[in-house]
Each structure stands twice: as C-alpha cells, then as structure tokens.
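Here is the structure we will look at.
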Amino acid sequence: MKLSEIILRRRSIRKFLDRPVEREKIEACLEAARLAPSADNVQPWRFIVVDDPQVRLRLAETAFTGIYKLTRFAAKAPVLILILAHPDILANKLGKAVQGTQFYLLDIGIAGEHLVLAATELGLGTCWIGWFSKKRVREFFSIPRKYDPVAMIALGYPDTTPLSAKRRKALSQIVRYNTFGWK
Ligand SMILES: Cc1cc2nc3c(=O)[nH]c(=O)nc-3n(C[C@H](O)[C@H](O)[C@H](O)COP(=O)(O)O)c2cc1C
C-alpha cells in the first residue's frame with residue numbers, strides 16, 4: 001500500500017474482533033514507532049504493551065471509570081498500548097523555558113502515529129486514547145513521577161469499516177501561503 005492509501009484508510013476503530021494480535025505484528029508497529037524522529041533525538045517514548053486479557057481487563061476497569069467511562073469500548077481491544085514519556089531534562093526544560101513548547105509531546109505524537117500507520121498497513125485497527133485516568137493508570141503500573149503516561153492506543157483486528165468520509169477542514173481553511181491571514 002502506498003503511504004497516501006494508508007493515510008486515507010486509517011480511521012479510529014472502536015470495535016474489534018475477539019482475535020489476538022500476533023506478537024510479530026505488534027513488534028512491527030513498535031518498530032515503526034521506534035524509528036520516529038524526536039527533538040534532539042532524545043527518544044522520550046516508552047511503551048507498555050498490554051496483550052494479556054486478564055491484565056487488560058483489570059487495566060480497563062481502573063482506567064476507564066467515572067468521567068472516563070466513554071472510553072470503555074477500549075476494554076474490548078485485544079491490545080492496549082500505553083505510551084509514556086520520559087522527558088529529557090535538558091531538551092524539555094530548555095524547550096519549555098525558551099521555546100514554550102513541550103517537545104516530548106510532539107515526539108510522542110509522531111511515534112504514536114508511526115505506530116498507528118504501520119498497524120493500518122498490516123490490516124489492524126487502532127484508536128488513539130487520550131481520555132483515561134492517568135492517575136489510576138500510574139497507580140496500576142506503579143509508574144514513577146518522572147514518567148508521563150501520555151496516551152494509549154487500542155489495537156486489534158477491526159470489526160467495523162467506517163464508511164463515512166473523514167470530517168476534515170478544507171485546505172483553504174487551514175493553509176495560507178506566505179502570510180498569516182486568519183482572524
Ligand atoms: C491525541 C488523540 C487522542 C484521542 N483520544 C480519544 C479518546 O480518548 N477516545 C476516542 O474515542 N477517540 C479518541 N481519539 C480519536 C479521535 O476522536 C479521532 O481521531 C477523530 O475523531 C478523527 O477521526 P478518525 O480517526 O476516524 O479519522 C483521539 C485522537 C487523538 C489524535
């Protein structure tokens with residue numbers, strides 16, 4: 001598949017087949033993430049892959065409760081990948097202080113999207129998850145404070161094919177050449 005096809009095909013999948021994902025495929029997705037660029041090449045990402053159904057259910061029970069109930073669909077994803085950031089002191093303190101940008105969040109986003117696109121190429125479905133209890137996930141894995149559990153990705157064989165077109169702003173709304181030009 002050409003990259004343009006993979007990008008078009010990738011949709012958020014929230015319904016999965018009850019079929020395990022082969023470890024080789026998970027590894028291929030992680031390898032794509034590993035090769036992502038990052039500010040100052042600090043590679044701040046860490047991944048906890050949860051593919052044991054018991055662990056996944058216990059994790060989902062704690063991560064997707066209360067105001068996070070909307071994310072319960074992810075409990076049925078065969079794999080949940082927690083992406084943590086281990087921000088580099090220099091790159092991130094300096095980046096934040098001087099540039100006002102949390103570079104590690106950009107890095108995590110790029111790596112996660114590499115993972116998601118690789119999964120799409122392999123016929124897998126994914127959904128980015130930002131809406132989960134970070135506090136309870138931190139407790140669940142006993143994650144020290146210097147790591148930030150930024151996002152999760154639900155992964156599995158899709159049990160649905162989104163037919164609607166992607167709802168996106170037109171290029172004319174989001175692009176200007178050589179000038180600023182928004183209100
Ligand atoms: C950083 C990030 C966090 C997201 N968090 C959630 C989430 O918690 N729950 C959810 O159902 N979808 C989540 N999504 C998926 C978006 O809702 C989805 O990408 C968007 O509606 C566009 O649809 P598409 O992915 O099918 O193109 C998230 C996406 C991103 C990039």
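We count ligands from 1, going down the list as the structure has it; atoms in each ligand are counted the same way. Counting from 1, the numbers follow the sequence of the chain as shown.
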(request) For ligand 1, list the protein residues that place a heavy atom within a distance below 4.0 Å of one of its atoms, sorted by chain and number. (result) R10, R11, S12, R14, F73, C127, W128, I129, G130, W131, R168
(message) Assess whether a salt bridge exists between E31 and R34, defined as any Lys/Arg side-chain N lying under 4.0 Å from an Asp/Glu carboxylate O.
(response) yes
(request) Answer yes or no: does atom CZ of R9 have more than 12 heavy-atom neighbours from other residues, nucleotides or ligands under 6.0 Å? (result) no
(request) Sorted by first residue and then second, give each side chain to side chain donor-acceptor pair (under 3.5 Å) pair with at least one member in residues 133-152; sequence neighbours left out. (result) T65-R136, Y104-D148, K134-D148, K135-E139
(request) For the pair R11 (side chain) and P162 (backbone), establish whether a donor and an acceptor sit closer than 3.5 Å, ignoring hydrogens and angles. (result) no
(message) I'd like to know if the side chain of R14 reaches the main chain of A74, judged simply by a donor and an acceptor atom lying under 3.5 Å from each other, with no hydrogens or angles considered.
(response) no
(message) Side chains of W128 and E113 only: does a donor on one sit below 3.5 Å from an acceptor on the other?
(response) yes
